[in-house]
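Here's the structure, in structure tokens; my notes come after.
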There are 2 protein chains.
Amino acid sequence: MDMNHTVTAKDVAKLAGVSQSSVSRVYFEGAKVSEKTRLKVLAAAKQLGYRPNEFARSLITNRTRIIGLVMKGVDNPFYPQVLTRFTAAFKALGFSVLFVHTNNEELEAEDIEILLNYNVAGVIITDATMSLNVANEFKENKIPLVFFNRKLQNDDFYSVSCNNLDAGRKVAIYLLEKGVTDMVYISGNEDTSTSRERQRGFFEVLESRQIPYTKYASNYTYEGGYQTALKAIRSGHVPAAFFVANDIMALGTVDALKQQGVKIPEETKVIGFDDIEMADWPSYQLTTWRQPVEKMIHFTISYLMDEIAAYTGKSGKVEVNGALIERLTT
Amino acid sequence: MDMNHTVTAKDVAKLAGVSQSSVSRVYFEGAKVSEKTRLKVLAAAKQLGYRPNEFARSLITNRTRIIGLVMKGVDNPFYPQVLTRFTAAFKALGFSVLFVHTNNEELEAEDIEILLNYNVAGVIITDATMSLNVANEFKENKIPLVFFNRKLQNDDFYSVSCNNLDAGRKVAIYLLEKGVTDMVYISGNEDTSTSRERQRGFFEVLESRQIPYTKYASNYTYEGGYQTALKAIRSGHVPAAFFVANDIMALGTVDALKQQGVKIPEETKVIGFDDIEMADWPSYQLTTWRQPVEKMIHFTISYLMDEIAAYTGKSGKVEVNGALIERLTT
DNA sequence: CTGAAAGCGCTTACAG
DNA sequence: CTGAAAGCGCTTACAG
């Protein structure tokens with residue numbers, strides 16, 4: 001239609017024969033307009049191809065409909081589904097997602113500056129943490145913040161994760177019931193709460209039953225799991241079971257063991273964590289601990305929506321129970 | 001610092017003893033200010049925690065620093081890396097990414113409305129297409145648009161993809177040189193240009209050499225590749241080679257064949273497309289065609305940046321050559 | 001219910 | 001180089 005000039009509420013008002021305020025009221029949720037005015041405005045708007053300017057809107061309301069989603073581990077197949085589910089849920093709620101990628105386990109001021117500049121309505125940090133003074137910036141600006149799949153040491157924020165401690169314990173008990181007599185734990189990055197808590201629950205049970213175990217530190221990647229498994233059996237001794245802190249490492253572990261001719265589950269057992277799609281592939285059929293992703297997402301979004309509606313800044317640690325998924329590696 | 005009132009340029013100006021215009025000039029790239037003023041402003045800004053409001057900025061400049069990134073197939077491991085690389089590149093250029101997920105191969109008006117509302121600086125559509133009247137909306141608003149890894153029938157837009165036709169031909173020639181005598185092609189979704197062109201190049205060569213082949217239609221998923229491979233060998237006849245339109249399906253194909261006891265590469269060969277990370281995993285060691293992702297991203301970004309700097313609306317079809325990666329399935 | 005007007009926080013001619 | 005002022009496109013008291 002028009003070539004250069006962007007269509008504004010004023011243009012629509014003129015064509016519809018009403019005031020600019022009335023046009024605004026038609027598009028602003030909650031405002032009151034007569035049906036007659038509404039129809040006139042919508043007709044004119046359609047004819048001109050009008051579209052309310054989000055920037056003008058945000059400038060005056062001091063609110064946005066943007067959620068900042070910060071992700072670290074998009075390489076881990078656990079996260080793409082998290083991303084798409086969040087995006088779909090927010091779209092249904094009328095929010096858009098500003099995607100921020102970071103390589104840092106602890107977010108830097110620079111990583112999240114953009115979120116403050118855009119005055120986002122809320123923020124989700126997945127698979128990463130943040131120094132307190134950075135996190136406090138969000139507090140000062142009354143921007144609600146959720147740590148997803150991470151727990152902060154600090155009690156001042158809100159986090160949603162799987163109950164990793166419980167999971168670690170249950171995995172240990174499950175393996176013990178299978179008659180396993182010694183175990184290896186392959187950890188993820190040790191600065192993550194997920195790896196530490198899974199480990200803590202696991203070791204706690206083993207120690208109470210006086211079962212010998214060895215820990216190998218790795219890094220939540222396939223290659224890490226592969227190399228660490230090789231290292232673990234280099235001495236010639238193959239432990240009765242491997243608990244691997246996430247699935248993608250567990251797949252690496254399985255491949256390394258297969259490559260060394262170790263029979264699974266006869267000679268050793270492997271159990272992962274997450275229940276990514278690949279765990280169910282015929283080549284792997286990996287026993288694992290399923291993260292309750294749907295529920296975790298639900299709690300995250302409902303906290304954010306509440307806080308966006310009426311900011312309280314309340315903190316909390318939500319831990320959702322997962323479940324063991326038994327397949328063919330145990 | 002301050003509790004409720006957001007800090008504006010006016011506040012900074014007051015504290016620094018300069019005009020609001022001067023504060024603005026310090027933060028607006030290209031504007032001129034004396035070093036003395038700059039230092040006074042920066043000191044005051046730091047003290048108050050000032051941060052320019054992006055919305056006010058965009059409102060007046062009628063430009064944003066947001067790129068809309070629309071993705072369909074985030075389940076396909078090819079795409080997460082695409083997402084993170086785009087995000088990292090845009091961050092370095094001072095742009096943010098508004099992430100839009102869709103399930104539709106052809107985008108609906110609703111899918112991209114948000115991008116128009118936010119008046120994004122540019123748009124990338126990956127793994128999907130768009131009806132012409134929707135695409136034209138971007139044109140009318142002078143928003144540059146790139147189709148990534150898709151080609152439109154229409155010549156009015158800009159697309160960047162792998163040279164799929166050439167790849168299909170080279171794959172056929174490679175397999176023929178291996179002495180293969182009959183082949184199966186497992187296609188991706190047939191409404192995608194990628195699948196159609198890979199197929200076209202492949203069949204073209206086979207037909208010119210009078211090599212028999214069968215085509216099975218599938219859907220670019222692991223499960224699709226798995227089931228289709230089973231179907232293909234149900235008759236009892238195992239073809240000498242499978243060309244599978246993407247890697248994730250090829251992995252499904254490999255697993256199905258293994259499960260049926262078919263030896264790879266002795267009894268049949270499998271070649272995929274993309275070169276996702278998993279293709280290199282020891283369990284698979286999949287021969288595949290590597291997509292030149294870095295280059296494809298480079299062309300996409302450089303087109304967008306040029307068009308953002310000075311809009312021309314020029315169209316084009318960039319096709320970058322990939323390369324065969326030989327592993328153990330052929 | 002509706003309109004005229006103020007104002008959100010910036011950028012940008014314009015004058016000095 | 002700097003400041004006063006207009007204006008980007010909206011929302012929202014306020015009055016009628």
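Below, chains carry the letters A, B, ... as their sequence lines are ordered, and counting in each starts from 1. Side chains included, hydrogens not; waters and symmetry mates left out as well; all remaining heavy atoms used.
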TODO: List the atom of B:Y50, the atom of B:A9, and the distance in Å for their closest heavy-atom pair.
DONE: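 Minimum heavy-atom separation between B:Y50 and B:A9: CE1-N, 3.4 Å.
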Task: Closest contact, heavy atoms only, B:S161 versus B:K151 - done: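 Looking at all heavy atoms of both residues, the closest pair is OG-CD, 4.3 Å.
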Show the atom names and distances, to 0.1 Å, of all donor-acceptor pairs under 3.5 Å that link a side chain in residues 113-126 of chain B to residues at least two apart or in another chain.
unit_1	atom_1	unit_2	atom_2	d
B:N117	OD1	A:R51	NH1	3.4
B:N119	ND2	B:N62	OD1	3.3
B:T126	OG1	B:V70	O	3.2

Qualifying residues under side-chain contact (heavy atoms from CB on, under 4.5 Å), relative to [X], sequence neighbours excluded:
X: A:N53; value: A:F55, A:A56, B:L59
X: A:K91; value: B:E110, B:D111
X: A:A31; value: A:R25, A:F28
X: B:E307; value: B:P144, B:Y303, B:Y311, B:T312, B:K314

In whole angstrom, what separates [X]'s [atom1] from [N]'s [atom2]?
X: A:Y118; N: C:dC10; atom1: OH; atom2: P; value: 14 Å
X: A:L39; N: C:dC1; atom1: CG; atom2: P; value: 14 Å
X: B:R63; N: C:dT11; atom1: CZ; atom2: P; value: 10 Å
X: A:N62; N: D:dC10; atom1: CG; atom2: C1'; value: 14 Å

List, with names and distances, any nitrogen or oxygen atoms from the protein found under 3.5 Å away from nitrogen or oxygen atoms belonging to nucleotides 2-5 of chain C.
unit_1	atom_1	unit_2	atom_2	d
C:dT2	OP1	A:S34	OG	2.7
C:dT2	OP1	A:T37	OG1	2.2
C:dT2	OP2	A:S34	N	3.0
C:dT2	OP2	A:S34	OG	3.3
C:dT2	OP2	A:T37	OG1	3.1
C:dG3	OP2	A:S19	N	2.9
C:dG3	OP2	A:S19	OG	2.9
C:dG3	OP2	A:S22	OG	2.7
C:dG3	N7	A:R25	NH1	3.2
C:dG3	O6	A:R25	NH2	2.6
C:dA4	N7	A:S21	OG	3.3
C:dA4	N6	A:S21	OG	2.9

Quick one: salt bridge (Lys or Arg N to Asp or Glu O under 4.0 Å) partners of [X], sequence neighbours excluded?
X: A:E29; answer: none
X: A:R65; answer: none
X: B:R63; answer: none

TODO: Determine: side-chain N/O of B:T6 to OP1/OP2 of C:dG9, distance under 4.0 Å, yes or no.
DONE: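 So the side chain of B:T6 is within the cut-off, an N or O lying under 4.0 Å from OP1 or OP2 of C:dG9.
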- [ ] Determine: side-chain N/O of B:Y27 to OP1/OP2 of C:dT12, distance under 4.0 Å, yes or no.
- [x]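 No.
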TODO: Name the nucleic acid region contacted by B:R51, choosing base, sugar-phosphate or nothing; use a 4.0 angstrom heavy-atom cut-off, strictly under.
DONE: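 Sugar-phosphate contact only - B:R51 comes under 4.0 Å of backbone atoms but never of a base.
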TODO: List for me each residue that meets ring pair (Phe, Tyr, Trp, His ring centres under 6.0 Å) alongside A:F78, sequence neighbours excluded, and say none if there are none.
DONE: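 Residues passing ring pair (Phe, Tyr, Trp, His ring centres under 6.0 Å) with A:F78: none at all.
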Task: Where DNA chain C forms stems, i.e. three or more consecutive Watson-Crick or G-U pairs with both distances under 3.5 Å - done: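 So the stems come out as C:1-3 with D:14-16, C:5-12 with D:5-12, C:14-16 with D:1-3.
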Open item on the list: So if I take residues 52-61 of chain A and measure heavy-atom distances to DNA chain C, which residues fall below 4.0 Å?
Closed with: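 Of all residues in residues 52-61 of chain A, the ones placing a heavy atom under 4.0 Å from DNA chain C are A:L59, A:I60.
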